[in-house]
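To start, the structure itself, in structure tokens.
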Amino acid sequence: MANETNQFSEIIAHCKEYGYIFPSSEIYDGLRAVYDYGQNGVQLKKNIRDYWWKSMTQMHENIVGIDAAIFMHPLTWKASGHIDNFSDPMIDNKDSNKRYRVDHLIENYAEQLALEGKKEEEFALLKSMEELLGKDDFAGIKNLIYENNISCSVSGTCNWTDVRQFNLMFDTQLGSISGEAEKIYLRPETAQGIFVNFLNVQKTGRMKIPFGIAQTGKAFRNEIVARQFIFRMREFEQMEMQFFVRPGTEMEWYNYWKSERLQWHESLGIPAEKLRYHDHVKLAHYANAAVDIEFEFPFGFKELEGIHSRTDFDLKQHQKLSKKKMQYFDNELKEDGKPYGNYVPYVVETSVGLDRLFLSILSTAYAQEKWLKEDGTEDSRVVLKLPPKIAPYKLAILPLVKKDGLPEIGKQLLHDCQKSFFTFYEEKDSIGKRYRRMDAIGTPFCVTIDHQTKEDNTVTIRDRDLMTQERIALADVKKLIEEKIKD
RNA sequence: GCGGAAGUAGCUCAAUUGGUAGAGCGAUAGCCUUCCAAGCUAUAGGUCGCGAGUUCGAGACUCGUCUUCCGCUCCA
């Protein structure tokens, strides 16, 4: 009966129409690549986050959570490498549209000079470049490129844009007195909040390796091109867990989390064929192994979660800059009967984008269905087949008519149920229309109060996905739903 | 960032050669009530994305700008 299509633009439209996601500050034309979660979206997002939180912390006695601030000491980003690696001045060639890091562009040209035997010119060029870069004199850099007639290797022209700084980190000022204010960054990842709290948590929680610290929270990246709805946003939410292990055991844990995390996504109803691993060939500066779990979005397979073996890079860097020892004393005995002793732990990270996960779940759940009714006419619906445990509303209570005392029974049931889970109550419009509305927002169960209810205290309960109904005792409704929404 | 396309009511779309905006669905209120969006009545909702320009007159033409989608580019 199902004839499903999965057009991305239809999903976006559905999100807006049914209160899942709105463009940010839409009345002012929106803000590029920034979105707000609506009344249903916030609930779905929260349920996904809670499910992650529970499976990471509550279900693992050796993983605890924290909630670090978005603002962090500026040296944090020096230590992590974000300041040095992500603030390169760039320049575009207007003819080829090719973008270069200006230091690479000039260094390449300098190499040519060297090959031509013009050692002095090479030296002078590099020296001026360093001076200009040192004082962020971008106009000067551009002049330097023009003076030396440095051209684009693709177009061969010197038709350059201005030099621009592309720093992925947003900055702002801490302290309100200008001049005295300190430049401070909005965190580009939540991981560092965990690393800087490593000692606090390990000591106060008396944590023994291996152990993990989990955190969910907002991160900010000033992406040059942010697009594809909520897939790449400038403000987004991460759910990260850093797992601290004994050096040498990291690959074991890396493989453990690699398979663990894939299964977790499947437990949220994402079909296995829409998930795959993508091993990194080119590794980031901090990693010795990295894999992405990719999901087949409507626009192709893209990264959903990253699992990285980060070695001891981060803790060592913080040790270096903070001059605090990021050590752990391992009392467990080696084969020779002596303890493992002091070391800087290795880290295996799992990092999933909550917004991306939201989009994965939504695009998996979204379905347009068409079928023939008994009288031969076509019927159709749009339904979000969300797993009941994360659906915004778990149950809708629908009196068949709004008279004869049926609303009163419905409201009593609402009162009983809403203490335990989100319950929707609606008595307006035809029952079919109300079912369609509930399908559109993904409510898994609808209970209808009819005249028989008054006689024998039973109601019909309708399954969203099957559109079938069965009659159950009114008194069993709450218990039944609670059973259905359990993990 | 480059190229292409689009923007009129909550949604889908109309509006002659330029003559100061309409429909269906939806929403709200009421009536009716029969378990899968389709009965009846009434009401609300738009400075045509925004800003200039051309014109006696612009939703329509021109320019700019914002936003979105598609392709390229980028992506610790």
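The sequence lines fix the lettering, A, B, ..., with proteins before strands; numbering per chain opens at 1.
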(message) Is there a side-chain contact between Leu275(A) and Glu305(A) in this structure, where contact means two heavy atoms from C-beta onward sitting under 4.5 Å apart?
(response) no
(message) Could you write out RNA chain B as dot-bracket? Rules: Watson-Crick or G-U wobble, both distances under 3.5 Å, brackets [ ] for crossings, | for pairs with another strand, dot for unpaired.
(response) (((((((..((((.....[..)))).(((((.......))))).....(((((..]....))))))))))))....
(request) Assign Lys428(A) to base, sugar-phosphate, or nothing according to its heavy-atom contacts below 4.0 angstrom with the strands shown. (result) sugar-phosphate
(message) Strictly below 4.0 Å: does Lys403(A) bring a side-chain N or O up to OP1 or OP2 of U33(B)?
(response) yes
(request) Classify the angle between the aromatic ring planes of Phe244(A) and Phe198(A) as parallel (below 30°), tilted (30 to 60°) or perpendicular (above 60°). (result) tilted
Just the atom pairs and distances: protein N or O near nucleotides 7-12 of chain B's N or O, under 3.5 Å.
residue, atom, partner, partner atom, Å
C11(B), OP1, Lys16(A), NZ, 3.3

Name the atoms and distances for all side-chain donor-acceptor pairs under 3.5 Å in residues 386-400 of chain A, with sequence neighbours left out.
residue, atom, partner, partner atom, Å
Lys389(A), NZ, Tyr51(A), OH, 3.3
Lys389(A), NZ, Ser267(A), O, 2.9
Lys394(A), NZ, Pro388(A), O, 3.0
Lys394(A), NZ, Lys389(A), O, 3.1
Lys394(A), NZ, Ala391(A), O, 2.8

Cut-off 3.5 Å, no hydrogens considered: what does the side-chain donor-acceptor table look like for residues 313-320 of chain A, sequence neighbours left out?
residue, atom, partner, partner atom, Å
Asp314(A), OD1, Gln192(A), NE2, 3.2
Asp314(A), OD1, Arg310(A), NH2, 3.1
Asp314(A), OD2, Arg310(A), NE, 2.8
Lys316(A), NZ, Asp312(A), OD2, 2.6
Gln317(A), NE2, Ala79(A), O, 2.9
His318(A), NE2, Gln192(A), OE1, 2.7
Gln319(A), OE1, Met326(A), N, 2.7

(request) Go through the N and O atoms of the side chain of Ser9(A) and the base of C69(B), and report whether any donor-acceptor pair is under 3.5 Å. (result) no
(message) Restricting to ring-ring contact (aromatic ring centres under 6.0 Å, His included), what partner residues turn up for Phe220(A), sequence neighbours left out?
(response) none
(message) Looking only at the side chain of Lys402(A) (C-beta and beyond, no hydrogens), which of the listed nucleotides A27(B), C35(B), U33(B) gets closest?
(response) U33(B)
Quick one: which protein N/O atoms are closer than 3.5 Å to N/O atoms of nucleotides 37-47 of chain B? Pair and distance per line, please.
residue, atom, partner, partner atom, Å
A37(B), OP2, Asp379(A), OD1, 3.0
A37(B), OP2, Asp379(A), OD2, 2.6
A37(B), OP2, Arg436(A), NH2, 3.4
A37(B), O4', Lys433(A), N, 3.4
A37(B), N7, Arg436(A), NE, 3.1

(message) Looking only at side-chain N and O atoms, does Thr76(A) offer a donor or acceptor that is under 3.5 Å from a partner on Tyr185(A)?
(response) no
